Amino acid sequence: MTTVAFIGLGNMGGPMALNLLKAGKTVKVFDLVPEAMNQLAQQGALTASSACGAAAGADVVVTMLPAGKHVRGLYIGDTDNKGIIDVVANDTLLIDCSTIDADSAKTVAQAASDKGLDFIDAPVSGGTAGAAAGTLTFICGGSDNAYERAHGVLSDMGANIFHAGGPGAGQVAKICNNMLLSVLMVATSESIQMGMDHGLDPSVLSEIMKVSSGGNWTLNKYNPCPDVMENVPSSNDYQGGFMVDLMVKDLGLSQEAALQSQSSTPMGALARSLYVNHARQGNGKRDFSSIFEQFNKKG
Ligand code: NAD
């Protein structure tokens with residue numbers, strides 16, 4: 001039976017690891033937070049006392065961590081600590097599902113390759129609901145061989161799996177998507193609010209725009225105006241969903257990438273600025289559709 005080491009059991013990693021257990025994998029977990037490990041242990045996971053302890057002896061390692069520094073630190077290690085690439089067997093497959101900068105992903109992929117190991121960056125789209133339902137979209141970067149090897153484990157946790165290109169390409173595709181999403185969310189919010197300011201019913205306006213040329217994902221699935229749509233964060237005081245702080249992180253990554261490639265991304269830059277401002281007003285832990293309030297609240 002395949003043994004998967006799963007490291008990083010937060011909002012996303014916890015339910016993803018649970019889906020691997022449900023798929024019949026032997027799962028060995030590690031997180032800095034003991035409670036996160038205990039919850040998985042109650043579902044049948046084995047626990048380890050360190051990331052390397054979880055990874056040693058595993059067929060596949062999956063990581064779901066906050067940022068690039070965590071991913072580099074755990075895989076490569078430093079002068080005092082061994083990295084995962086130092087302790088795994090030659091044929092262990094390494095999969096990082098975190099959203100991080102493409103350079104970190106490439107650095108880890110190269111360090112792994114130097115040791116003869118396959119590493120793939122596989123950031124996800126679909127949020128906590130997709131993680132729980134096992135319907136995530138994985139956007140992969142790495143060699144054809146690594147991608148093919150990763151497909152089976154990823155399909156235990158997701159519904160759509162794409163190969164965007166070589167190492168780091170998954171991360172680039174992911175931040176392109178999130179930059180576009182942020183722009184759509186801001187533009188949809190200001191449009192609905194302007195209609196409301198002119199006396200329109202936001203539900204009627206949303207139905208009109210959905211099937212008109214302004215139609216987009218936020219109108220179809222994630223309307224930012226409270227009480228237009230059921231079971232979305234805007235109808236639950238913007239709780240749950242995708243945090244403003246994480247959108248700010250992703251928009252920072254997209255602007256760094258734009259600087260590197262000298263790409264012109266004025267809409268992404270403006271969206272980042274708006275989201276940073278929104279976070280600074282105490283909204284960092286709320287869902288990203290709460291940007292609607294920047295247009296809705298009267299001064
Ligand atoms: P989270 O903060 O809930 O979880 C991160 C986990 O990593 C925590 O449990 C933390 O204790 C653990 N961790 C940190 N450093 C560690 C270390 N050195 N060793 C072991 N464990 C460590 O974050 P999340 O919402 O699960 O997001 C994880 C990643 O997924 C991020 O890169 C995020 O951008 C991305 N992502 C999140 C969502 C979402 O909706 N939450 C959607 C898509 C992508």
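Note that the coordinates shown come from a computational prediction; the quantities given were computed from them, not determined experimentally. Indexing begins at 1, ligand by ligand and atom by atom, following the structure's order.
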Within-cut-off N or O pair, [X] and ligand 1, under 3.5 Å:
X	value
Met12	yes
Leu65	yes
Thr99	yes
Pro66	yes
His70	no

Indicate whether the side chain of [X] and that of [Y] have a donor and an acceptor atom separated by less than 3.5 Å.
X	Y	value
Asp96	Thr63	yes
Gln260	Asp103	yes
Ser263	Ser261	yes
Asp287	Ser289	yes
Asn277	Arg280	no

Aromatic plane relationship, Phe242 with Phe288 - under 30° parallel, 30 to 60° tilted, over 60° perpendicular: perpendicular

Validation row, ring centre Phe292 to ring centre Tyr238 under 6.0 Å: no

Identify, by atom number and element, the atoms of ligand 1 in contact range of [X], meaning under 4.0 Å from any of its heavy atoms.
X	result
Val33	11 (O)
Gly8	7 (O)
Phe30	19 (N), 20 (C)

Closest to atom 11 (O) of ligand 1 (judged by heavy-atom distance), picking from Asp250, Ile7, Asp31: Asp31

Nearest-option assignment for atom 41 (N) of ligand 1, heavy atoms, candidates Asp287, Leu246, Thr137, Val29: Leu246

4.0 Å heavy-atom contact, Met243 with ligand 1: no

Protein contact of atom 33 (C) of ligand 1 - nearest heavy atom, named by residue and atom, plus distance: Lys249 NZ, 3.8 Å

Closest approach of any protein heavy atom to atom 21 (N) of ligand 1, naming residue and atom: Leu32 N, 3.5 Å

Test: Lys115 and Asp86 ion pair at under 4.0 Å: yes

